[in-house]
Amino acid sequence: MALPDHIASHALLIPFPFQGHVNPFLLLSAHLALRGSIVTFLHTQPSSQTLLHSRIEPAISSLFQNRELPLHFVTLPQVMPADSTTLAEGPRSRSVLEISDNLAKQQGMIEDLIHRSKSTASPISCIVYDSFLTWTSDIGKKHGLPRVCFWTSSATILYMTSLAATGKCKLGDPWPNTLDLPVHSDLSSLHHDIFSSFSSEISPQRVKSIIRRGLDIQDNACILVNSFRELEGWILEVIPLDVPIKFVGPLQLLIELADKDRSTQTTPRDNLLKEADDCLQWLDKQASSSVVYISFGSAVSLAPAELIQLALGIEASEQPFLWVILTNSNGENTYLLPEGFRERNQQRGLIISWAPQLQVLSHPAVGVFLTHCGWNS
């Protein structure tokens, strides 16, 4: 993974506080540290309550042959709304823009951290930030620090965002068939459908967010994308950006999946919410490729009618299932299942609040993954 020279000294990483964004930032931070960079990782209070430094830092170290890595965690005050006390609840109740703006209120603390680092042997030399956090531009300019955008989604989404921000395509209208998509002919119609739905099925709030991100990414030393050239290299041929783009993924596949001694907990954990490790023991008892694993991430909320139909469909399949249904701060499920569903299916299904997802997906008992298709799922 070739990275710009200015990251080599001391990188300040600022992720957006959604689990699908924090996860790749954690992995990126480990790989930067492995290559000799000092890494300061900023995270918010709701995340820190379950981040468990004492477990993650040794776990990351064990991944890289038990080397002690220069990776430091710094906690920022809570940025989620007061009525949303867990990472799982926040995204559903507030917009991405509001959470980003709330996080921007901690700019003074971040600047103080940068200022204090200047008196050390290794002052912060660059900011690696999530694309949602456009306000980091002010910090970079004020302190003379180059910014590197870590785009945690696909390069295709980066391309669509850049088209919208540069005015080549208008959000809110179907995009034309004349878009130049240098992909395999069998995929061209599919790509056009994806691009059209990206534009036409969009809220005003998201339009504002996309434009803001698209304009900001042009003011970077480079853009890191959690993807790889063999999958999305064609983006580099057509994207209307002058900023260097570097593929650094897929980071999640760099995790050691073989967990031969779960009791030692040396395998790096891939989520922030409290994990249900007992689900792995439950999977051990199931037949090979028999289990339907269901998880829609920390930010997707199903409508009640959708949930009922999904549950009834799972029950009708008569397949063993492992279903992640998030809980609120009181330990209550955020979804109301059909009456009697749990009782009828307790012998062949397990419902948990969260799972160690990489370990679950690599388990031989899992045959189907029902997902919201998050890029980092």
Once salt bridge (Lys or Arg N to Asp or Glu O under 4.0 Å) is applied, do any residues pair with R344, and if so which ones, sequence neighbours excluded? E315
Any sub-3.5 Å donor-acceptor pair from R348's side-chain atoms to Q319's backbone N or O? yes
W375 side chain vs S227 backbone, donor-acceptor pair below 3.5 Å: no
Pairwise side-chain contact, V225 with I235, heavy-atom cut-off 4.5 Å (strictly under): no
Taking C-beta and beyond as the side chain, do V248 and W151 meet within less than 4.5 Å on heavy atoms? no
Would you say K285 has more than 12 foreign heavy atoms packed within less than 6.0 Å of its NZ? no
Describe, in one word, how the ring planes of F16 and F132 are oriented to each other, choosing from parallel (under 30°), tilted (30 to 60°) and perpendicular (over 60°). tilted
Could you tell me the separation between the CG atom of L280 and the CD atom of Q359, rounded to the nearest 0.5 Å? 6.0 Å
OG of S29 to CG of L71, rounded to nearest 0.5 Å, is 4.0 Å
Under the side-chain contact (heavy atoms from CB on, under 4.5 Å) rule, what do L103 and W135 come out as? Steps first, then yes or no, please. CA-CA 9 Å; L103 189 56; W135 47 265; 3.7 Å; yes
Calculate, to the nearest 0.5 Å, the distance between atoms CG and CD1 belonging to L163 and I239 respectively. 8.0 Å
So, the side chain of Q218 versus the backbone of G214: is there a donor-acceptor pair under 3.5 Å, distance only? yes
Heavy-atom closest pair, residues D219 and S137: OD2-OG, 3.4 Å
Quick check for you: to the nearest 0.5 Å, what is the distance between I110 atom CD1 and L113 atom CG? 8.0 Å
If I compare all heavy atoms of V148 with all of A221, which pair ends up nearest, and what's the gap? CG2-CB, 4.5 Å
Heavy-atom distance under 4.5 Å between the side chains of I139 and H143, does that happen here? yes
Side-chain heavy atoms of D284 within contact of H363, under 4.5 Å: yes
P15 to L42 - nearest heavy-atom pair and separation: CD-O, 2.9 Å
In terms of hydrophobic clustering (I, L, V, M, F, W, Y; side-chain heavy atoms under 4.5 Å; direct or indirect links), are I308 and F296 co-clustered? no
Parallel, tilted or perpendicular, as decided by the 30° and 60° cut-offs, for the rings of Y159 and W234: perpendicular
Any L27 side-chain heavy atom under 4.5 Å of N226 side chain: no
Hydrophobic cluster membership, with links at side-chain heavy-atom distances under 4.5 Å among I/L/V/M/F/W/Y: are L337 and L312 in one? no
Apply side-chain hydrogen bond (donor to acceptor under 3.5 Å, both in side chains) to the pair S122 and H10, showing each step before the final yes or no. CA-CA 6 Å; S122 301; H10 187 168; 5.8 Å; no
Is there side-chain contact between I352 and W282, with at least one heavy-atom pair below 4.5 Å? no
State, to 0.1 Å, how close L158 and I245 come at their nearest heavy-atom pair, and which atoms those are. CD2-CD1, 4.1 Å
Hey, mind stepping through L241 and I223 against side-chain contact (heavy atoms from CB on, under 4.5 Å) and telling me if it holds? CA-CA 10 Å; L241 294 175; I223 302 171; 4.1 Å; yes
Quick one: does N220's side chain have a donor or acceptor within less than 3.5 Å of a partner on D216's backbone? yes
The single option from K141, Q107, R147 that satisfies side-chain hydrogen bond (donor to acceptor under 3.5 Å, both in side chains) with T136 is R147
Just verifying a value: how many Å separate L236 CG and R229 CZ, rounded to the nearest 0.5 Å? 5.0 Å
Plane angle bin for W323 and F321 - parallel if under 30°, tilted between 30 and 60°, otherwise perpendicular: perpendicular
Heavy-atom distance under 4.5 Å between the side chains of F41 and V128, does that happen here? no
CA sep, side-chain torsions, deciding dist, call: I351, R342, side-chain contact (heavy atoms from CB on, under 4.5 Å): CA-CA 8 Å; I351 298 175; R342 290 177 182 271; 3.8 Å; yes
Interatomic distance, CG@L322 vs CD1@I294, rounded to 0.5 Å, equals 8.0 Å
Candidate pair M109 and V74, rule side-chain contact (heavy atoms from CB on, under 4.5 Å), full reasoning: CA-CA 11 Å; M109 293 187 62; V74 176; over 6 Å; no
Please name the pair of heavy atoms, one in I124 and one in L145, separated by the smallest distance, quoted to 0.1 Å. O-CD2, 3.3 Å
So do F369 and V360 actually touch side chain to side chain, heavy atoms under 4.5 Å? no
Where A155 and F247 come nearest, the two heavy atoms and their spacing: CB-CE2, 3.8 Å
